There are 2 protein chains.
Amino acid sequence: MHEDDIHLILSRLILAGRLPGRTKLGEHRLADIFGVSRERIRKVLHRLGHERLIEVVKNRGAFTIAPDLNEIHVIFEARRILESGIAAHLAETLTAAEIDQLREHVESEAEALRTGDRDTWLRLSAEFHHRLAALTGNPIIQRQARELVSRTTMLVAFYENSHGSQCGCDEHRAIFRALSAGERGRAVKAMSSHLALVETRLRPLACVDAGPTLESLIEEYKAEVLGAPA
Amino acid sequence: MHEDDIHLILSRLILAGRLPGRTKLGEHRLADIFGVSRERIRKVLHRLGHERLIEVVKNRGAFTIAPDLNEIHVIFEARRILESGIAAHLAETLTAAEIDQLREHVESEAEALRTGDRDTWLRLSAEFHHRLAALTGNPIIQRQARELVSRTTMLVAFYENSHGSQCGCDEHRAIFRALSAGERGRAVKAMSSHLALVETRLRPLACVDAGPTLESLIEEYKAEVLGAPA
DNA sequence: TTTCCATCGATTGTGCACAAAATGGCTTAA
DNA sequence: TTAAGCCATTTTGTGCACAATCGATGGAAA
């Protein structure tokens, strides 16, 4: 079991929101689960801490983060700022081919929504933002955006939106229209208000059940990562 | 000597551009210099690598980064995107007190420029961007912006701008005016063109001299960090 | 009964020793 | 003379054992 694999498994586990907040990630326990030395786990844990996916407290250990309302707001505000910049940039640099590509994506979203394929729609919905970041062609921006979008995904897992996720599709389309028209100001506004709405739709949910054990969850993701690396 | 101190010393050394590109940072050598165990150096080195301040190659060691022209462009493009978003945000949220604070800063820059205090002006110039990021009140954005501005500082040390650093002050003032007027579109444009101009002004310089030894440089910064922590 | 202190248990941090890998020099052959 | 391959040295990676630190539990005193 390689170090990167362990990192990937734990990342997905956290990002999928499968771990209750404040779950302790003991070094010895994880070392046993993965069947590797404690030092390797240590390294991964510190790396995750640096990526802000977990919280590492000196002499106390590593814990999953329980996002409070304030932190949620900070993350969404950061996304509004960063992705507004992305939208402003793209409005002036997108090529015709890239616009076509984006249009196809938005239509895929609409299609998934029509057929009621909620899982697909959720995936496409997050991918829309990833794709916008990728279209800047800038690896730094791409990394920063990916990090924030991922953390949002984690939040959505904690605070499930109650009813109308459906609204999002029209908002994406509005962003797309502004971008394809090359209207920078409108694109920025569309992006900003879209993210504000997504945040608003989040509603606190009763704290997740701690049903599955850490061991079983890791086994599940281990198979996924090692079997078919996406 | 604490771990954070070592990290801070090496950070400043790198950010100040005192180390030639591709300088090897050997673990054993640094351990001797700082008088600590190799493991502590290891940790710091990996942390610096994660912060992209150095490049850590598996089984090869850590090296300072020799920024090529393409990387410079990527960093400045990222700054344009991110700081455009920041400008757009601030244009709509700045309070009167914050505007006054900004005005004072810009005037300090102008003053430093008038008196020919180039070092002070350079510091204030970078601080202007840090301050804008801080004014968002968003720790995530602040961290991302600080990282990019720091990397730019490092670039400026490598590729010294030949003549007119002086131009920058008017550009900052233009940004300030747009922000204080609450004109989002103009603020974004001012920020974007300012950063584009800064990039343009950079000119490749003959590779820096390797004059001072690593040991003497570290001693210099060690005194600074431990004596008067800024 | 409550609060404070001390000791114990568990968990993380650190240094050391060994293993693995890569680079550079040296030898040899074409 | 040059190039290719091998060996030695240097440097990084890893596992293990011990030290330090933190939290909790239990007992004693007010």
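The shown structure was predicted, so the numbers you read here are calculated from the model rather than taken from an experiment. Below, chain A is the first sequence line, B the second, and so on; all start at residue 1.
- Each side-chain hydrogen bond (donor to acceptor under 3.5 Å, both in side chains) pair with one or both residues in residues 132-145 of chain A, not counting sequence neighbours, appears once here: A:N138-B:E77.
- Following rounding to the nearest Å, A:R38 (CZ) and C:dG13 (C1') show an atom-to-atom distance of 8 Å.
- Rounded to an integer number of Å, the gap from CG of A:D32 to P of C:dA10 is 15 Å.
- Where A:S37 and B:K24 each meet DNA chain D at their nearest nucleotide, the meeting point lying more 5' is that of B:K24.
- A salt bridge links B:R42 with B:E27: the distance from a Lys NZ or Arg NE/NH1/NH2 to an Asp or Glu carboxylate oxygen falls below 4.0 Å.
- When all heavy atoms are compared, the tightest approach of A:L19 to A:I14 is CD2-CG1, 4.2 Å.
- When the nearest nucleotides of DNA chain D are assigned to B:N59 and A:N59 by heavy-atom distance, the more 5′-ward of the two goes with B:N59.
- Taking a heavy-atom distance under 4.0 Å as the criterion, the stretch of DNA chain D touched by chain A extends 5' to 3' from D:dT14 to D:dG23.
- Counting heavy atoms from C-beta on, the side chains of B:S125 and B:H172 come closer than 4.5 Å.
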For this session: In sequence, state the C-alpha distance, the side-chain angles, and the governing distance for A:H105 and A:E127, and then conclude on side chain to side chain contact (heavy atoms under 4.5 Å, CB included).
Result: CA-CA 9 Å; A:H105 184 92; A:E127 198 183 317; 3.9 Å; yes

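- With a 4.5 Å cut-off on side-chain heavy atoms, A:E71 and A:R151 count as touching.
- Nucleic acid contact for A:E27: sugar-phosphate only, since backbone atoms but no base atoms lie under 4.0 Å from a heavy atom of the residue.
- Taken residue by residue, residues 41-58 of chain B places heavy atoms nearer than 4.0 Å to DNA chain C at B:K43.
- Straight-line distance from the CZ atom of A:R29 to the P atom of C:dA10: 16 Å, rounded to whole Å.
- A side chain to side chain donor-acceptor pair (under 3.5 Å) with A:H194 is found for exactly one of A:E171, A:R79, A:E83, namely A:E171.
- The shortest distance between side-chain heavy atoms of A:R131 and A:E98 does not fall below 4.5 Å.
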